[in-house]
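Structure first, commentary second.
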Number of protein chains: 2
Amino acid sequence: MDLKEAREQFIQAWGAFGSAWGINRSMAQVHALLLIAPEPLSTEDVMEELNISRGNANMNLRALIDWNLVQKVLKSGERREFFSAEKDVWKVATSITKERKKRELEPLVKLLDTFEEIPGASPEAKAFRKMTHDLHDLTTRLDTLLEKSVRRDVQWFVKAATTLLR
Amino acid sequence: MDLKEAREQFIQAWGAFGSAWGINRSMAQVHALLLIAPEPLSTEDVMEELNISRGNANMNLRALIDWNLVQKVLKSGERREFFSAEKDVWKVATSITKERKKRELEPLVKLLDTFEEIPGASPEAKAFRKMTHDLHDLTTRLDTLLEKSVRRDVQWFVKAATTLLR
DNA sequence: ATAAATTTTCAGTACTATTTGAAACTTTCA
DNA sequence: TGAAAGTTTCAAATAGTACTGAAAATTTAT
């Protein structure tokens, strides 16, 4: 396999991986392209490499900046903006974890919390309270765990936990 | 908020949560319904409660069985099949982790592995090798971590890790 | 201030994923 | 064995999501 083909495959795979985890394919592909780019790329570069429209490129670059996965880079003498991805994979993991925790986990924990005092003595009510309570407990623990591992740095955490489980 | 409303909200929320993480909405909703059901439900029950077609109900019940999240239950004197969800949330977490690891993480690790020996001395080749290598390392560690925590039981793991990070 | 370069927005279009519903198939029982 | 009850399949329809492209807005340079 040559470099060109490998790059292509990587971009496709990262896109598929992203979309299996609820991240839109183009956003993941733009991210992949920037991850393996030795130098910052312009919007035009992204459009050409991925064959996507200006609107799409722009939207996804902004989204990646929102997620703290990509930064704008100014080149002196250039008017255009260039974009560069964070290359430290542990920082990448931290950013993604942080964002998804905030977007999806926290709202769920909050909702489950409101279910704690649903009244009723029927089997339905009992089963509902038990399940939502247990899920609240699980998601809260997970939330705490992620919060701590994000703070302490994922790299250290994964190493420590892997050791713990040896 | 009364029970009926709360149940409805929970089913919707679990559906939304699932689809944000790449699990189809109906599958997650069927799962939610079974999670809070005090007794096993028939396909008809699921169809009525969620207002979905027979085909859809059948397909998603089978998918949930595939994921080890739901089991068929036979009721004596009944010809129909009934379905019951695993109620232990830690086992639920374990099943989901296992399945997603197998479906998405393992193939990615495998692909990244094939990139290890891409040739070339250009900045592009160097950047590509560096990034795919680092990702291979990260995903392998994650894979190992999940494998171990699945084996050892997620509950114990989360408690231990949370303590470790106190 | 003007105009060129660049970025952003968004209505319409294209694409993908999900769902339906009816036919085919299977199982059970009289 | 026949037929009723129940389950599964899958082509077509629908719904949901993402993308395009051109216009509007913004920025920069003279």
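Values in this document were obtained by computation on a predicted structure and should not be read as measured data. Below, read A as the first sequence line, B as the second, and so on, with proteins coming before strands; counting in each chain starts at 1.
With sequence neighbours left out, Glu39(A) forms a salt bridge (charged side-chain N to carboxylate O under 4.0 Å, His left out) with no residue at all. Asn56(A) is linked by a side-chain contact (heavy atoms from CB on, under 4.5 Å) to Ser26(A), Ile52(A), Ser53(A), Met59(A), Asn60(A), counting only residues two or more places apart in sequence or in another chain.
You can see that DNA chain D meets the heavy atoms of chain B within a 4.0 Å-exclusive cut from dA4(D) to dT9(D), reading 5' to 3'. For DNA chain C, the contact window with chain B, defined by any atom under 4.0 Å from a protein heavy atom, covers dT18(C) to dT28(C) in 5' to 3' order.
Listed by first and then second residue, the salt bridge (Lys or Arg N to Asp or Glu O under 4.0 Å) pairs that reach into residues 88-98 of chain A come to none, sequence neighbours excluded. For the salt bridge (Lys or Arg N to Asp or Glu O under 4.0 Å) condition, the pairs that include at least one residue of residues 151-166 of chain A, sequence neighbours left out, are Glu147(A)-Arg151(A). Sorted by first and then second residue, the side-chain hydrogen bond (donor to acceptor under 3.5 Å, both in side chains) pairs with a member in residues 14-25 of chain A read Trp14(A)-His31(A); sequence neighbours excluded.
Judged by distance alone, with hydrogens and angles left aside, the side-chain atoms of Arg103(A) form no donor-acceptor pair with the main-chain N or O of Ala20(B) at under 3.5 Å.
Minimum heavy-atom separation, Gly15(A) to Gln29(A): CA-CG, 3.9 Å.
Contacts between residues 53-69 of chain B and DNA chain C, counted as heavy-atom distances below 4.0 Å, involve Ser53(B), Gly55(B), Asn56(B), Met59(B). Less than 4.0 Å separates DNA chain D from at least one heavy atom of each of the following residues of residues 23-33 of chain A: Asn24(A), Ser26(A).
Looking only at side-chain heavy atoms (C-beta outward), Glu8(B) and Glu49(B) stay at 4.5 Å or farther from each other. For the pair Lys126(B)/Arg129(B), a side-chain contact is recorded, criterion being any heavy-atom separation below 4.5 Å from C-beta on.
Where DNA chain C pairs in unbroken runs of 3 or more (Watson-Crick or G-U, both distances under 3.5 Å), the stems are C:1-30 with D:1-30.
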Please list, one pair per line, the donor and acceptor atoms closer than 3.5 Å that link side chains of residues 61-78 of chain B to other protein atoms, with sequence neighbours excluded.
unit_1	atom_1	unit_2	atom_2	d
Arg62(B)	NE	Asn58(B)	OD1	3.1
Lys72(B)	NZ	Glu81(B)	OE2	2.9

Name the atoms and distances for all side-chain donor-acceptor pairs under 3.5 Å in residues 115-123 of chain A, with sequence neighbours left out.
unit_1	atom_1	unit_2	atom_2	d
Glu116(A)	OE1	His133(A)	ND1	3.1
Glu116(A)	OE2	His133(A)	ND1	3.3
Ser122(A)	OG	Ala125(A)	N	3.1

Leu165(B) and Phe157(A): side-chain contact (heavy atoms from CB on, under 4.5 Å), yes or no, with the steps?
-> CA-CA 8 Å; Leu165(B) 289 163; Phe157(A) 167 72; 3.4 Å; yes
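Screening Leu111(A), Leu112(A), Asp113(A), Thr114(A) against Thr132(A) for a side-chain contact (heavy atoms from CB on, under 4.5 Å) leaves a single residue, Leu112(A).
There is no side-chain donor-acceptor pair under 3.5 Å between Asp137(A) and Thr140(A).
In summary, Glu106(A) and Lys102(A) do not engage in a salt bridge, as defined by a charged side-chain N under 4.0 Å from a carboxylate O.
Counting any heavy atom pair closer than 4.0 Å across all strands shown, Arg79(A) reaches a base atom.
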